[in-house]
Visitor: 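I have a structure here, written as structure tokens, and I will follow up with some questions on it.
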Amino acid sequence: MGLVLLITGSSGIAEATATLAARAGHAVFLVARDEAQCRELSARLPDAGYFACDLRQESAVEESFASCIERFGRVDAVFNVAGMSGRQFGDGPIHECSLEGWDLTLDANVKPTFLMCRAAVRYWLGATRSGSILNMSSVLACYPEAQHFATHAYAASKGAIISLSRAMAAYYAPYRIRVNVIAPALVRTAMSARAQSDPHTREFVRHKQPLSGGMIEPGDIAETAIFLLGEASRHITGQVMTVDGGWSVSG
């Protein structure tokens with residue numbers, strides 16, 4: 001068995017990473033709200049387990065982490081993928097953003113990352129083990145786009161994840177605990193369904209992400225994630241890997 005990899009989420013980038021990890025010989029443990037998705041995905045993987053819960057609940061996150069240890073005997077790496085767009089709840093430009101949209105977006109994106117990071121670090125410190133964390137941000141945290149993607153609560157939540165990750169990386173490096181961030185541009189997942197269905201947005205993305213010629217596939221993000229989680233990146237911490245098809249350098 002290779003790494004024991006705990007992944008939050010069960011679709012999109014999480015699904016692609018779990019699939020690629022399993023092919024590479026790693027054991028995968030999924031933690032997500034949708035039990036049916038978790039069950040279906042884990043059944044397709046050769047060495048996998050899952051725990052269905054609300055990742056915003058402290059006790060549930062702690063229980064999920066303990067379940068992974070019970071299943072595999074350890075946790076080597078954590079990939080925090082689960083999150084959401086708050087647009088349907090009122091996220092938008094700050095003068096239009098509803099309090100509900102702000103609260104739900106920050107709660108869904110930042111709190112689960114905090115809780116799972118805390119569980120992982122406490123475990124590795126207590127067991128005197130090294131570990132690797134990869135947190136999910138977004139290109140919008142550092143390279144905003146005003147016309148098509150003005151969701152300021154979402155950008156704020158993803159910026160908070162970068163700040164948290166860098167602070168953690170600095171503090172825990174002496175304990176050989178690494179913390180990195182992956183910041184994708186627009187990826188073909190369920191979260192980007194609105195953009196996928198709009199011809200003007202699709203054309204914009206085709207020019208904004210010229211290396212990809214449009215939206216990035218989840219599997220392309222998964223390849224970078226596996227590298228950052230594993231032994232090949234053992235000298236890398238505190239970094240934000242922007243996988244954006246050229247978004248950040250394109251007008």
Visitor: I need the L55 CG to D107 CG distance, nearest 0.5 Å.
Guide: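 It comes to 11.0 Å.
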Visitor: What distance separates C53 SG from Q57 CD, expressed to the nearest 0.5 Å?
Guide: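 Separation between the atoms: 9.0 Å.
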Visitor: What residues, two or more places apart in sequence or in another chain, satisfy salt bridge (charged side-chain N to carboxylate O under 4.0 Å, His left out) together with R23?
Guide: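 Per chain and number, R23 pairs via salt bridge (charged side-chain N to carboxylate O under 4.0 Å, His left out) with no residue.
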Visitor: Which heavy atom of R44 sits nearest a heavy atom of T19, and at what distance?
Guide: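 So the two residues come closest at NH1-OG1, 4.5 Å.
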Visitor: Under a 4.0 Å threshold between the charged nitrogen and the carboxylate oxygen, would R39 count as salt-bridged to D34?
Guide: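 Salt bridge flag = no for R39 with D34.
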Visitor: H200 and R202: side-chain contact (heavy atoms from CB on, under 4.5 Å), yes or no, with the steps?
Guide: CA-CA 5 Å; H200 298 292; R202 289 201 307 269; over 6 Å; no
Visitor: Who are the ring-ring contact (aromatic ring centres under 6.0 Å, His included) partners of Y123, not counting sequence neighbours?
Guide: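 Partners of Y123 under the ring-ring contact (aromatic ring centres under 6.0 Å, His included) test: F65.
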Visitor: Within a strict 4.5 Å, meaning less than it, do heavy atoms of the D47 and R71 side chains meet?
Guide: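 Yes. Closest side-chain heavy atoms under 4.5 Å.
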Visitor: Which side-chain hydrogen bond (donor to acceptor under 3.5 Å, both in side chains) pairs, counting each pair once, include a residue from residues 212-232, with sequence neighbours left out?
Guide: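 Sorted result for residues 212-232: R188-E217.
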Visitor: Ignoring hydrogens, what is the shortest heavy-atom contact between A14 and V81? Give both atom names and the distance.
Guide: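 Minimum heavy-atom contact is N-CG1, 3.9 Å.
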Visitor: Verify side-chain contact (heavy atoms from CB on, under 4.5 Å) between I7 and V28, making sure each step is shown before the conclusion.
Guide: CA-CA 7 Å; I7 300 175; V28 174; 4.1 Å; yes
Visitor: Does M241 belong to the same Ile/Leu/Val/Met/Phe/Trp/Tyr cluster as L140, with side-chain heavy atoms less than 4.5 Å apart forming each link?
Guide: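 Hydrophobic grouping puts M241 apart from L140.
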Visitor: So which atom in G2 and which in D76 form the shortest heavy-atom distance, rounded to 0.1 Å?
Guide: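 The pair with the smallest heavy-atom distance is O-OD2, 4.1 Å.
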Visitor: Taking all non-hydrogen atoms of both residues into account, name the closest pair between G12 and P218 and its distance.
Guide: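 Result for this residue pair: O-CB, 3.8 Å.
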Visitor: For A232, what residues pass the side-chain contact (heavy atoms from CB on, under 4.5 Å) criterion, not counting sequence neighbours?
Guide: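 Per chain and number, A232 pairs via side-chain contact (heavy atoms from CB on, under 4.5 Å) with F227.
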Visitor: Restricting to side-chain contact (heavy atoms from CB on, under 4.5 Å), what partner residues turn up for S42, sequence neighbours left out?
Guide: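 Result, side-chain contact (heavy atoms from CB on, under 4.5 Å) vs S42: L30, A48, Y50.
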Visitor: Atom CG in L115, atom CG in N80: separation rounded to 0.5 Å?
Guide: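 That separation rounds to 9.5 Å.
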Visitor: Give, for atom OG1 of T189 and atom CD1 of I216, the distance between the pair rounded to the nearest 0.5 Å.
Guide: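 Here the rounded value is 11.0 Å.
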Visitor: Can you list every pair that meets side-chain hydrogen bond (donor to acceptor under 3.5 Å, both in side chains) and has a residue in residues 169-179, with sequence neighbours left out?
Guide: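 As it turns out, the side-chain hydrogen bond (donor to acceptor under 3.5 Å, both in side chains) pairs with a partner in residues 169-179, which skip direct neighbours, are S132-R178, R178-S233.
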Visitor: I need the minimum non-hydrogen distance between T105 and G86, along with the two atoms involved.
Guide: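 Closest approach of T105 to G86: OG1-CA, 3.2 Å.
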Visitor: Can you measure from OH (Y154) to SG (C97) and round to the nearest 0.5 angstrom?
Guide: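 SG of C97 is found 14.5 Å from OH of Y154.
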Visitor: Taking ring-ring contact (aromatic ring centres under 6.0 Å, His included) as the test, write out the residues that go with F29, two or more places apart.
Guide: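 Partners of F29 by the ring-ring contact (aromatic ring centres under 6.0 Å, His included) criterion come out as none, since no residue qualifies.
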Visitor: Quick one: does any side-chain atom of T237 pair with a main-chain N or O of V179 as donor and acceptor, under 3.5 Å?
Guide: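 Yes, because the side chain of T237 sits within donor-acceptor range (under 3.5 Å) of the backbone of V179.
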Visitor: Check the pair R118 / E62 against side-chain contact (heavy atoms from CB on, under 4.5 Å), numbers first and verdict last.
Guide: CA-CA 9 Å; R118 190 179 67 175; E62 296 290 340; 4.0 Å; yes
Visitor: Within the 4.5 Å heavy-atom criterion, are M136 and V181 side-chain neighbours or not?
Guide: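 Of all side-chain heavy-atom pairs linking V181 with M136, none is under 4.5 Å.
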Visitor: Applying ring-ring contact (aromatic ring centres under 6.0 Å, His included), can you list everything that pairs with H207, at least two apart in sequence or on another chain?
Guide: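 Checked H207 against ring-ring contact (aromatic ring centres under 6.0 Å, His included); zero matches.
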Visitor: Write out all pairs satisfying side-chain hydrogen bond (donor to acceptor under 3.5 Å, both in side chains) with one or both partners inside residues 238-251, taking only residues at least two apart or from two chains.
Guide: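 Residue pairs with at least one partner in residues 238-251: D244-S248.
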Visitor: Are E58 and K111 within salt-bridge range, i.e. N to O under 4.0 Å?
Guide: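 No, this pair does not count.
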Visitor: Before you tell me yes or no, could you show the steps for I133 and N180 under side-chain contact (heavy atoms from CB on, under 4.5 Å), namely the whole-Å CA-CA distance, both residues' side-chain angles and the distance that decides it to 0.1 Å?
Guide: CA-CA 6 Å; I133 294 173; N180 289 295; over 6 Å; no
Visitor: Not counting sequence neighbours, which residues clear side-chain contact (heavy atoms from CB on, under 4.5 Å) with A173? List them please.
Guide: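 Testing A173 for side-chain contact (heavy atoms from CB on, under 4.5 Å), a comparison that skips the adjacent residues, returns none.
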Visitor: Among residues at least two apart in sequence or on other chains, which ones pass ring-ring contact (aromatic ring centres under 6.0 Å, His included) with F51?
Guide: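 Not a single residue meets the ring-ring contact (aromatic ring centres under 6.0 Å, His included) criterion with F51.
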Visitor: Looking at residues at least two apart in the chain, or sitting in another chain, which of them share a side-chain contact (heavy atoms from CB on, under 4.5 Å) with A141?
Guide: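 With sequence neighbours excluded, A141 shows a side-chain contact (heavy atoms from CB on, under 4.5 Å) to S137, K158, I162, given in chain and number order.
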Visitor: So does G90 get a backbone contact from the side chain of E100, meaning a donor-acceptor N/O pair under 3.5 Å?
Guide: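 Side chain of E100 to backbone of G90: no pair is present.
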Visitor: Between H26 (side chain only) and V4 (backbone N and O only), is there a donor and an acceptor less than 3.5 Å apart?
Guide: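 Absent.
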Visitor: Under 4.5 Å between side-chain heavy atoms, hopping through other hydrophobics if needed: is there a path connecting I182 to L3?
Guide: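 No, no single cluster joins them.
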Visitor: Minimum heavy-atom separation for A153 and G101, please, with both atom names.
Guide: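 Between these two residues, the closest heavy atoms are CB-O, 4.2 Å.
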Visitor: If I take atom OG from residue S10 and atom CD from residue E15, how far apart are they, to the nearest 0.5 angstrom?
Guide: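 Nearest 0.5 Å value for the OG-CD distance: 8.0 Å.
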Visitor: Check whether M116 and F79 end up in the same hydrophobic cluster, where Ile, Leu, Val, Met, Phe, Trp and Tyr are linked by side-chain heavy atoms less than 4.5 Å apart.
Guide: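 They do not share one cluster, since no chain of ILVMFWY contacts under 4.5 Å joins M116 to F79.
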Visitor: Indicate if V78 and I177 have the same hydrophobic cluster label, given that clusters are the connected sets of ILVMFWY residues with side-chain heavy-atom separations under 4.5 angstrom.
Guide: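 Yes; tracing contacts between hydrophobic side chains, which count when under 4.5 Å, links both residues.
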Visitor: Are V240 and V243 grouped together when hydrophobic residues (ILVMFWY) are joined by side-chain heavy atoms under 4.5 angstrom apart?
Guide: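 No, separate clusters.
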Visitor: Charged N to carboxylate O under 4.0 angstrom, D91 versus R87?
Guide: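 Salt bridge flag = no for R87 with D91.
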Visitor: Can a salt bridge be assigned to the pair K208 and E203 using a cut-off of 4.0 Å between side-chain N and carboxylate O?
Guide: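 The answer is no: the pair does not qualify as a salt bridge.
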